[in-house]
S.K.: 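Below is the structure I would like to discuss, written out as structure tokens.
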Amino acid sequence: KSLLAATSNTSGSNGAALVGYQYPGSGTARTVQTRLQDYISFADFGATGSGDEHVKIQAAINAGVASSRPVLCSGTFSIGSTQLTAPSGNLELFGTGELGCIINYSGTSNAFKGGTLAANTYGYYIHDLSILMSNNAGGCVEMDATQQVRIARMRCEGQTAASAGATNVGWTIDGGSVDAIDIAIEDSKCNHCLTTNLWKTTGGATGNVTTVQLRNVFGNADGLANSYWLRNLNGNGFGSTIVGGNCEYVAYCLYSDNG
């Protein structure tokens, strides 16, 4: 009778909490429930890949920051025109590859924006996914006065830059009110982007953009005039390490508005 009572309700977390799991060999025994909590997925918050699901995806990101657990994207999703944001804290957002995780964005801002982080914290790690911009003025990722960031194996896909006056931007690093430092973008590409990498300081702020590493970052602006692979826009100072990379059909590979 006690066994029947224990197994009569296996909905939600009840069933997984009753089943044991142990990694083969010398792994520590635990329940399936704790095993499945190693990471968070968009699906855990109801995202199915149908319609605008920015509320569900934002909830998954918030939970990842709150719990310091990685957040998994597997499938094709839409966030409509709403920007995803990350609260201050640690976040790993990862996909199952540039074709395995696709986030469609139709807004005119940036699909994802990271908040201000204190120095010497882990920050954000975003990798192995794609952001597709259906609006010709949208951008992929903005880091605003953010520190300790790594972006790897990300594909940003804009509108064809030579048509419809597209101004899509890949990665924007904004000094904001404090320095944006210790940022790495690696093994990533921005197709049909007017500007692949944009360094800037906005609102008369005094923050610098420094200690940025670009490794094997590829940009393609479809040969549009006044297009940039890396543009330093009204920044108060900037230093970076560039290893590899390719600026194809871009008017300016390196350009500073400050001379």
S.K.: State, yes or no, whether a side-chain contact exists between Val217 and Trp229 at a heavy-atom distance under 4.5 Å.
M.R.: yes
S.K.: Taking the side chain as every heavy atom from C-beta outward, state whether Asp222 and Tyr249 have any pair of such atoms under 4.5 Å apart.
M.R.: no
S.K.: So do Tyr252 and Asn226 actually touch side chain to side chain, heavy atoms under 4.5 Å?
M.R.: yes
S.K.: Testing the basics here: between Tyr124 and Met143, what is the closest heavy-atom pair and its distance to 0.1 Å?
M.R.: CD1-SD, 3.8 Å
S.K.: May I ask you to test the Phe112-Ile61 pair for a side-chain heavy-atom distance under 4.5 Å?
M.R.: yes
S.K.: So Phe42 and Phe77, would you call those rings parallel, tilted or perpendicular, with 30° and 60° as cut-offs?
M.R.: perpendicular
S.K.: For the residue pair Ser130 and Glu98, what are the closest heavy atoms and their distance?
M.R.: OG-O, 2.6 Å
S.K.: Do Leu132 and Leu99 share a hydrophobic cluster (ILVMFWY, side-chain heavy atoms under 4.5 Å, transitive)?
M.R.: no
S.K.: Run the side-chain contact (heavy atoms from CB on, under 4.5 Å) test on Thr96 and Leu72 for me, step by step, so that the C-alpha distance in whole Å, both residues' side-chain angles and the decisive distance to 0.1 Å come before the verdict.
M.R.: CA-CA 8 Å; Thr96 50; Leu72 169 67; 4.0 Å; yes
S.K.: Tell me if the SG of Cys193 lies under 2.5 Å from the SG of Cys156.
M.R.: no
S.K.: Is there a donor-acceptor contact under 3.5 Å from the side chain of Asn197 to the main chain of Tyr228?
M.R.: no
S.K.: What distance do Leu84 atom CG and Lys113 atom NZ have between them, rounded to the nearest 0.5 Å?
M.R.: 13.0 Å
S.K.: Strictly by modelled atom types, are Asp187 and Asn216 linked by a side-chain donor-acceptor pair under 3.5 Å?
M.R.: yes
S.K.: Can you tell me how far apart OG (Ser68) and CD (Glu92) are? Round to the nearest 0.5 Å.
M.R.: 11.0 Å
S.K.: Shortest non-hydrogen contact from Gly219 to Thr196?
M.R.: CA-OG1, 3.3 Å
S.K.: Measuring only between side-chain heavy atoms, which start at C-beta, is Asn104 closer than 4.5 Å to Thr76?
M.R.: yes
S.K.: Quick one: closest heavy-atom pair of Ala137 and Thr167, and the distance?
M.R.: CA-OG1, 3.5 Å
S.K.: Decide side-chain contact (heavy atoms from CB on, under 4.5 Å) for Met133 and Gln159; before the verdict, give the C-alpha distance in whole Å, the side-chain angles of both, and the deciding distance to 0.1 Å.
M.R.: CA-CA 7 Å; Met133 299 169 280; Gln159 296 292 295; 5.8 Å; no
S.K.: Using 4.0 Å as the upper bound for N to carboxylate O, is an ion pair formed by Glu186 and Arg150?
M.R.: yes
S.K.: Which distance, rounded to the nearest 0.5 Å, do you find between the OG1 of Thr48 and the NZ of Lys56?
M.R.: 5.5 Å
S.K.: Measure across Ile40 and Ser67 and return the closest heavy-atom pair with its distance rounded to 0.1 Å.
M.R.: CD1-OG, 3.6 Å
S.K.: Would you check if the side chain of Ser78 reaches a backbone N or O of Asp52 as a donor-acceptor pair within less than 3.5 Å?
M.R.: no
S.K.: Quick check for you: to the nearest 0.5 Å, what is the distance between Ile103 atom CD1 and Cys73 atom SG?
M.R.: 4.5 Å
S.K.: With the side chain counted from C-beta on, respond yes when Asp128 and Cys101 share a heavy-atom pair under 4.5 Å apart, and no when they do not.
M.R.: no
S.K.: Got a donor-acceptor contact below 3.5 angstrom from the Ser188 side chain to the Arg155 backbone?
M.R.: no
S.K.: To the nearest 0.5 Å, tell me how far Trp171 CH2 sits from Ile173 CD1.
M.R.: 10.0 Å
S.K.: Evaluate the ring planes of Tyr39 and Phe94, with Trp represented by its six-membered ring, and classify them as parallel (under 30°), tilted (30 to 60°) or perpendicular (over 60°).
M.R.: perpendicular
S.K.: Report the distance from atom CG of Leu198 to atom CG of Asn110, rounding to the nearest 0.5 Å.
M.R.: 9.0 Å
S.K.: Are Val65 and Val71 connected in a single hydrophobic cluster, I mean Ile/Leu/Val/Met/Phe/Trp/Tyr linked by side-chain heavy atoms less than 4.5 Å apart?
M.R.: yes
S.K.: If you look at every heavy atom in Ile126 and Met154, which pair is closest and at what distance?
M.R.: CG2-CE, 3.4 Å
